[in-house]
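Below is one structure; the comments refer to it alone.
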Amino acid sequence: TLPEGAPETGGALMGVTGPTVLHIPAEGRKLTMEYSPDFPQTVLWTQAGNPFLCVEPINGTADGLNKGVYLTLNPGEIKEAFVRFIPKCI
């Protein structure tokens, strides 16, 4: 279920933490998304008039490139993370 304040007609919601569960009761479906700890928050956004909701697990902050808040890897360094999508009929 989208948290209070989630966009309905456009915009973005920052700082959703933990697993994200999207319920779509009209279609009898739900989608659970789980993330590794490397993704401490999720951005939910949509555009008015378009029938989609974009779910983006992130490991930085909004505008992180401009604020200098981002992950940097040294040459040859590897970082692994996961996003798991669990669809279910309800």
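Fair warning: this is a prediction, and the values are worked out from it, not measured in the lab.
The main-chain N or O of Met33 is never found under 3.5 Å from a side-chain atom of Thr20 such that the two would form a donor-acceptor pair.
Residue pairs meeting the side-chain hydrogen bond (donor to acceptor under 3.5 Å, both in side chains) criterion with at least one member in residues 80-90, sequence neighbours excluded, are Glu34-Arg84.
Tyr35 and Phe85 fall within the same hydrophobic cluster, defined by Ile, Leu, Val, Met, Phe, Trp and Tyr side-chain heavy atoms under 4.5 Å apart, directly or through other members. Under the 4.5 Å side-chain contact rule for hydrophobic residues, Val21 and Ile86 do not share a cluster.
The CD1 atom of Ile24 sits 11.5 Å away from the NZ atom of Lys30 when rounded to the nearest 0.5 Å.
Minimum heavy-atom separation, Glu77 to Thr72: OE1-O, 4.4 Å.
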